[in-house]
2 protein chains.
Amino acid sequence: MDRRIAKTRQSIFEAFIELMGEKSFEKITINEIAERANVNRGTVYLHFTDKYNLLDQCIETYLHLLEESCMPDGALNRVPSKKLLLSTFEFLEQNATIYSVLISGQGVPVFRNRMMEMTKQGVEQYIKESDLNPGVNEEVMVQFLSVGITGLLEWWMVHSMPCKPEEMVDQVLLLLASLERGLTVQGSHLFINRNS
Amino acid sequence: MDRRIAKTRQSIFEAFIELMGEKSFEKITINEIAERANVNRGTVYLHFTDKYNLLDQCIETYLHLLEESCMPDGALNRVPSKKLLLSTFEFLEQNATIYSVLISGQGVPVFRNRMMEMTKQGVEQYIKESDLNPGVNEEVMVQFLSVGITGLLEWWMVHSMPCKPEEMVDQVLLLLASLERGLTVQGSHLFINRNS
DNA sequence: TTGATTTTGTTCAATTTTCAACATATTGGG
DNA sequence: CCCAATATGTTGAAAATTGAACAAAATCAA
């Protein structure tokens with residue numbers, strides 16, 4: 001349950017991500033990674049079987065760190081806690097150089113997809129415990145919210161965080177609240193509009 | 001002749017300097033340094049005998065790196081090479097977080113003094129090989145130039161580098177050129193003004 | 001001042017990283 | 001296609017780092 005990445009692994013990850021920001025995954029060599037990380041080439045093989053395993057572990061590791069910033073003790077809250085949401089944005093802001101590469105790195109949509117998946121888990125829980133208008137397809141709802149939130153985060157990061165975490169949190173909460181209100185109280189209108 | 005600081009030493013140095021930016025030298029403990037550097041406390045003692053030795057080595061190391069950015073192969077040029085001057089400013093810009101603490105850190109004027117000394121060496125060489133008006137006291141000249149250049153660098157760094165390295169280089173070269181011209185051609189005027 | 005707490009400096013066994021060498025595989029230019 | 005250069009993956013011995021324990025010194029609040 002170590003909250004920190006072991007020193008050597010971390011420097012290898014960071015070198016690897018740095019390189020991913022510069023060139024495509026296939027063009028990156030273990031030699032480059034080791035050199036950039038100030039680590040012996042053998043040490044890389046001590047931690048990872050090959051380049052692909054390194055990519056896997058890198059993604060899982062940073063996804064897990066991100067997850068911890070959302071839900072420190074696996075707490076799934078019905079109402080997205082403002083405090084937790086804020087700590088997530090702040091975490092991303094802090095580690096922007098890493099996550100902006102991971103989330104929109106050239107030719108590696110794996111992280112993006114895994115992050116979507118993770119977000120989906122949270123959203124599903126949120127939806128399930130909300131008493132929304134049963135006329136709305138839950139699957140559609142989940143998809144819509146997940147892709148929306150993930151995309152919003154991505155936009156925020158690749159545009160070098162044009163606004164403060166606090167503002168983003170307010171925006172997100174406002175969006176969610178409006179949506180929920182709209183879907184419970186005026187659910188029927190939505191259907192009418194859709195069919196007209 | 002390793003151009004790089006060994007990994008562990010570097011992280012200890014960086015942790016130490018970071019702490020120097022936050023509190024006075026006396027208040028810093030080896031425990032803190034080791035923890036901040038993600039290094040075992042014993043490892044610190046493996047490299048340094050104590051806190052004071054760490055300070056010494058830290059200063060000498062970073063002074064030496066700075067020196068290399070000025071004179072890559074110990075080359076003392078009569079005319080300060082624009083290229084070298086630029087590379088120095090760029091080096092300082094790159095490592096601003098480190099050098100701005102070192103040069104104006106709370107209660108540790110050692111680095112500042114040692115840097116002055118180093119600058120003095122270069123200036124002395126420069127003066128000696130210039131054919132300035134013999135009426136000007138060489139000692140005074142050296143002192144004036146050394147303190148001027150060092151102070152200019154310090155100002156630039158602690159003010160978060162308000163202008164680009166190129167501009168600074170142009171400014172410095174302009175200053176030196178004017179001074180030299182003024183002292184050779186119009187040396188006597190200077191004396192007259194001084195005594196009037 | 002006293003006593004509790006933290007820091008210091010040292011030791012040594014266990015662990016991790018490095019280094020050099022090796023055979024093999026892959027790549028890219030002529 | 002061929003060949004030279006580069007990258008890969010593995011090995012074992014050497015070197016560096018860690019972790020834990022220890023006694024002594026320094027710090028600090030009561």
Atom pair distance, as rounded to whole Å: CD1 in A:Ile33 and C1' in D:dG9: 14 Å
Gap between atoms CZ and C1', on A:Phe48 and D:dT10 respectively (whole Å): 18 Å
First of B:Asn40 and A:Glu32 reached from the 5' end of DNA chain D, by closest nucleotide: A:Glu32
Positional range of nucleotides in DNA chain C within the contact set of chain B, heavy-atom, under 4.0 Å: C:dT7 to C:dT18
A:Val172 vs A:Leu176, side-chain contact (heavy atoms from CB on, under 4.5 Å): CA-CA, chis, key distance, verdict: CA-CA 6 Å; A:Val172 170; A:Leu176 286 181; 4.2 Å; yes
Whole angstrom value for the distance that separates P of D:dA26 from NZ of B:Lys27: 16 Å
Contact nearer the 5' end of DNA chain C, comparing A:Arg41 with A:Arg9: A:Arg9
Salt bridge (charged side-chain N to carboxylate O under 4.0 Å, His left out) involving A:Glu93 - partner list, sequence neighbours excluded: none
Any B:His47 side-chain N or O less than 4.0 Å from OP1/OP2 of D:dA16: no
Expected output: side-chain A:Ser87 to main-chain A:Ser69 donor-acceptor under 3.5 Å: yes
Check: B:Lys51 side chain, B:Glu26 main-chain N or O, donor-acceptor pair, under 3.5 Å: yes
Sugar-phosphate only, base, or nothing, as touched by A:Lys7 at under 4.0 Å among non-hydrogen atoms: sugar-phosphate
Sugar-phosphate, base or nothing in reach of B:Thr43, heavy atoms under 4.0 Å: base
Verdict with reasoning, B:Arg114 to B:Glu117, per salt bridge (charged side-chain N to carboxylate O under 4.0 Å, His left out): CA-CA 5 Å; B:Arg114 292 277 293 107; B:Glu117 217 171 277; 3.4 Å; yes
